Amino acid sequence: MTVTALPPAQLLPREDDELVAAIIAALAGAAELPLDEPASRELLHRHAAEISDAAREVSETMRNWATHVPWDTLASLDTEVGTAFFAQRSAAVHLDLAEMLEPAHLSQVADIDEEYALDKNSYDFFRPAGPDLLSRTEDFHGWVRARQATGTWPYSRTLEQAALTEASISDESGRQTRGINFASQDYLSFNTHPAIREAAGRAMRDYGVHSAGSAMAVGNTSLSRGLEEALADLVGLPHITLFPTGWGAGFGSVVGLVRQSDHVLVDKLAHACLQQGARAATRNVRRFDHLSVDSVRAKLADIRAHDTRNGILVITDGLFSVDADYPDIVALQNLCHEFGATLLVDVAHDLGAMGPGGTGVIGMQGMLGKVDLVMGAFSKSFASNGGFLACGSAAVKQTVKMFGGSHMFSNALSPMQTAIVTESTRIIRSPEGDELRGRLFDAVHALREELTGRGLTCMGSPSPIVPLLIGNEKLARTACRLVFDRGVLASMAEFPVVPTGSARFRLQVQAHHTPEQARIAAGIIQESIAASRRHLDSAFGSGAR
């Protein structure tokens with residue numbers, strides 16, 4: 001009987017995974033050697049030879065698949081080249097090969113809380129089922145707790161000190177961070193302005209800390225009349241109605257004027273207070289395409305084709321808060337005149353911070369004093385809570401005061417808030433206001449350039465709002481967590497604030513931000529997004545692109 005001898009095992013071709021394992025083992029052995037000691041040279045040479053041999057045997061299929069691994073360099077290792085390789089590149093190659101041999105998503109168990117936190121949207125909990133109004137909130141609460149536990153819940157954070165260009169904050173789970181602050185709405189850096197603080201102190205001294213009631217009762221002071229006059233000069237309309245919050249100004253303006261048989265056309269991205277005010281006032285609400293004059297014209301024509309008796313209110317923002325773009329106000333006002341409709345423009349984000357003399361987008365488009373209704377909030381450029389409605393008619397003012405519930409049934413602005421907004425308005429209209437707006441836009445341009453220079457996508461036009469598009473919600477939530485941990489304070493907008501798949505950071509710039517802060521923040525944001533992609537790849541086996 002003839003016995004054919006088997007070839008020695010070491011002569012059999014090695015499989016790719018075996019070769020990769022051999023390279024990893026050699027790299028690990030070399031990494032433990034002190035390269036500057038002569039005694040290590042022999043061992044280093046041996047490891048280099050093992051790596052070279054394995055790299056030469058790797059299949060063409062492996063080379064084509066793993067093109068990020070420098071196979072040819074590995075295969076050409078000799079003592080001199082090998083020394084340089086081990087000193088400079090071996091650690092990165094080691095990581096690449098380790099991931100190929102055993103992908104992290106196979107070795108790493110995904111955090112169940114994190115998976116739940118990232119997979120759901122708030123809309124999933126918007127229509128809970130069951131007769132018990134209280135207990136059916138538990139599912140939503142469970143999702144919020146999962147997001148809090150995984151650091152992906154960006155809401156209800158708490159400032160530990162004044163909201164300057166740097167600030168300390170904590171989240172609802174108690175995590176604290178200090179960093180560059182692009183999350184506060186203080187566009188002109190009025191928070192620490194000495195004249196505004198002095199005005200606040202003077203008002204408290206002269207009038208106390210509290211408004212004594214609704215503005216329709218005895219809540220107003222003589223400071224209120226001064227503020228109304230200052231705002232009337234700023235927006236070019238003579239009649240001002242004050243509200244204790246910006247949200248109340250939007251909601252109260254709409255419900256004060258619109259009745260059930262009237263119609264409302266509202267830009268689909270307009271502020272929530274206006275959308276909710278429209279739905280509270282009438283069932284005849286239609287949303288038009290964002291910024292589309294043609295869409296408004298078509299809807300106005302359709303309404304007037306069958307209803308010439310009732311009113312139509314057309315609503316838009318001056319500057320949109322999550323897209324940083326603005327409408328053609330001239331065209332919209334002309335359309336409203338053509339169809340017997342009324343235009344309301346919400347200037348919450350642009351008044352004070354943009355336009356000639358701080359007159360916002362309305363001033364930029366030459367429409368000062370020419371818009372039917374102008375509504376605004378004080379919380380962005382005027383250093384206070386509160387809001388207003390401006391109009392050209394005393395009758396409109398009296399009607400909104402009586403029937404806009406948030407004016408009639410809320411306590412008025414406090415004396416201190418009234419004084420702060422009055423002093424802010426004075427500065428906005430002064431040469432100092434022009435200087436602050438100049439500094440603000442220097443900071444805006446610096447941040448947008450730093451972000452776009454890193455390949456990131458800034459949306460809209462230059463304004464105090466810099467929306468940074470991320471897209472995927474999982475990626476945005478994970479990046480938001482890392483940005484917080486690494487010292488940048490940034491708000492994140494996701495569904496339902498923006499459509500699904502278009503999550504973004506909303507960075508809000510202040511006049512006192514510096515180019516250096518923009519550079520540092522942009523670098524941290526870029527690195528956090530890249531790290532988040534790697535984390536999602538490894539933890540869940542599918543990246544968010």
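The model shown is predicted, which means the values in this text are computed figures rather than measured ones.
Within the 4.5 Å cutoff, no side-chain heavy atoms of V396 are placed close to those of T399. The closest side-chain heavy-atom distance from L389 to H239 is not below 4.5 Å. Counting only heavy atoms from C-beta outward, the side chains of L118 and E473 never approach each other to under 4.5 Å. Side-chain atoms of F382 and L351, non-hydrogen and from C-beta on, do get closer than 4.5 Å to each other. Side-chain contact between L274 and M375: present, with at least one pair of heavy atoms (C-beta onward) separated by less than 4.5 Å. Contact of the V466 side chain with the F182 side chain is not registered, since no non-hydrogen atoms from C-beta on lie closer than 4.5 Å. Annotation: side chain of F388 is in contact with side chain of V347 (closest heavy-atom distance under 4.5 Å). In this structure, I169 and L159 have side chains that are in contact, with non-hydrogen atoms separated by less than 4.5 Å.
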Apply side-chain hydrogen bond (donor to acceptor under 3.5 Å, both in side chains) to the pair D132 and S135, showing each step before the final yes or no.
CA-CA 6 Å; D132 188 335; S135 65; 3.2 Å; yes
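Here the CD1-CG distance, from I525 to L447, works out to 6.5 Å after rounding to the nearest 0.5 Å. A distance of 9.0 Å separates NE2 in H512 from CG in L188, rounded to the nearest 0.5 Å. Once rounded to the nearest 0.5 Å, the distance linking CG of L269 with CG of L291 reads 7.5 Å. Taking OG1 of T359 as the start and CD1 of I428 as the end, the distance is 10.5 Å to the nearest 0.5 Å.
The heavy-atom pair separating A278 from V285 by the smallest distance is O-CG2, 3.5 Å. Residues Q275 and A270 share a closest heavy-atom pair of NE2-O, 3.3 Å. Nearest heavy-atom pair across N385 and Q417 is CB-NE2, 3.5 Å.
Other residues, nucleotides and ligands place no more than 12 heavy atoms under 6.0 Å from the CZ atom of R225. The neighbour count for Q161 CD, taken as heavy atoms of other residues, nucleotides or ligands under 6.0 Å away, is above 12. More than 12 heavy atoms of other shown residues, nucleotides or ligands fall within 6.0 angstrom of atom CZ in F251. Under a cut-off of 6.0 angstrom, the local environment of CE in M402 is sparse, with at most 12 non-hydrogen atoms contributed by other residues, nucleotides or ligands.
By the salt bridge (Lys or Arg N to Asp or Glu O under 4.0 Å) test, R178 is found to be paired with E166, residues two or more places apart in sequence or in another chain being considered. In terms of the side-chain contact (heavy atoms from CB on, under 4.5 Å) criterion, residue partners of E198 (sequence neighbours excluded) are, by chain and number, R202. In this structure P464 satisfies the side-chain contact (heavy atoms from CB on, under 4.5 Å) test together with Y187, L319, A353, M354, L440, F441, sequence neighbours excluded. Taking F484 as the reference, nothing meets the ring pair (Phe, Tyr, Trp, His ring centres under 6.0 Å) condition, with sequence neighbours excluded. In this structure, T308 has no side-chain contact (heavy atoms from CB on, under 4.5 Å) partners at least two apart in sequence or on a different chain. In this structure, D262 has no salt bridge (Lys or Arg N to Asp or Glu O under 4.0 Å) partners at least two apart in sequence or on a different chain.
No option in I465, I470, L469 other than I465 meets the side-chain contact (heavy atoms from CB on, under 4.5 Å) test with P467.
At least one donor-acceptor pair closer than 3.5 Å links the side chain of S430 to the backbone N or O of E432. Within the 3.5 Å criterion, the main-chain N or O of Q260 finds a donor-acceptor partner in the side chain of T282. In terms of modelled atom types and a separation under 3.5 Å, the side chain of R197 and the main chain of N191 share a donor-acceptor contact. For R437 (side chain) and P356 (main-chain N/O), no donor-acceptor pair under 3.5 Å exists by modelled atom type. Using a distance-only test at 3.5 Å, with no hydrogens or angles considered, no donor-acceptor pair links the side chain of D267 to the main chain of T316. Looking only at distances, a side-chain donor or acceptor of H193 sits under 3.5 Å from a matching main-chain atom of A195. Within the 3.5 Å criterion, the main-chain N or O of S406 finds a donor-acceptor partner in the side chain of S410. Q176 places no side-chain N or O within 3.5 Å of a backbone atom of S168 that could act as its donor or acceptor partner. Judged purely by atom type and a 3.5 angstrom limit, S381 has no side-chain atom pairing as donor or acceptor with the backbone of G352. Remark: side-chain polar atoms of D124 are paired, donor with acceptor, to backbone N or O of N121 under 3.5 angstrom.
Classification of the F320-H290 ring pair by plane angle, with boundaries at 30° and 60°, yields perpendicular. Ring-plane geometry between W143 and F140 is classed as tilted, the angle between the planes lying from 30 to 60 degrees on a 0 to 90 degree scale. Using bins of under 30°, 30° to 60° and over 60° for the plane-to-plane angle, the ring pair H407/F243 lands in the perpendicular bin.
With no hydrogens or angles considered, no side-chain donor-acceptor pair links S461 and S463 at under 3.5 Å. A side-chain donor from one of Y207 and S222 sits under 3.5 Å from a side-chain acceptor of the other.
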Which donor-acceptor pairs under 3.5 Å do the side chains of residues 500-507 make with protein atoms, sequence neighbours left out?
residue	atom	partner	partner atom	Å
S502	OG	P499	O	2.7
S502	OG	R504	NH2	3.4
R504	NE	S502	O	3.1
R504	NH1	V322	O	2.7
R504	NH1	D323	OD1	2.6
R504	NH2	S502	O	3.1
R506	NH1	S321	O	3.3
R506	NH2	Q185	OE1	3.4

Compile the donor-acceptor pairs under 3.5 Å between side chains in residues 360-374 and protein atoms, sequence neighbours left out, one pair per line.
residue	atom	partner	partner atom	Å
Q365	OE1	I329	N	2.8
Q365	NE2	P327	O	2.8
K370	NZ	G366	O	3.3
D372	OD2	Q333	NE2	2.9
D372	OD2	L343	N	3.0

Side-chain donor-acceptor pairs under 3.5 Å in residues 296-304, sequence neighbours left out?
residue	atom	partner	partner atom	Å
R297	NH1	E338	OE2	3.2
R297	NH2	E338	OE1	3.1
D302	OD2	R286	NH1	2.8
D302	OD2	R286	NH2	3.0
R304	NE	F339	O	2.8
R304	NH1	D307	O	2.8
R304	NH1	N310	O	2.9
R304	NH2	N310	O	3.2
R304	NH2	G340	O	3.1

Can you give the donor-acceptor pairs under 3.5 Å from side chains of residues 489-496 to other protein atoms, not counting sequence neighbours?
residue	atom	partner	partner atom	Å
E494	OE1	R477	NE	3.0
E494	OE1	R477	NH2	2.5
E494	OE2	R147	NH1	3.1
E494	OE2	R147	NH2	2.9
E494	OE2	R477	NE	3.4

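Pairs engaging residues 375-402 under the salt bridge (charged side-chain N to carboxylate O under 4.0 Å, His left out) rule: E228-K397 [sequence neighbours left out]. Identified under the salt bridge (charged side-chain N to carboxylate O under 4.0 Å, His left out) test for residues 419-430, with sequence neighbours left out: E423-R426.
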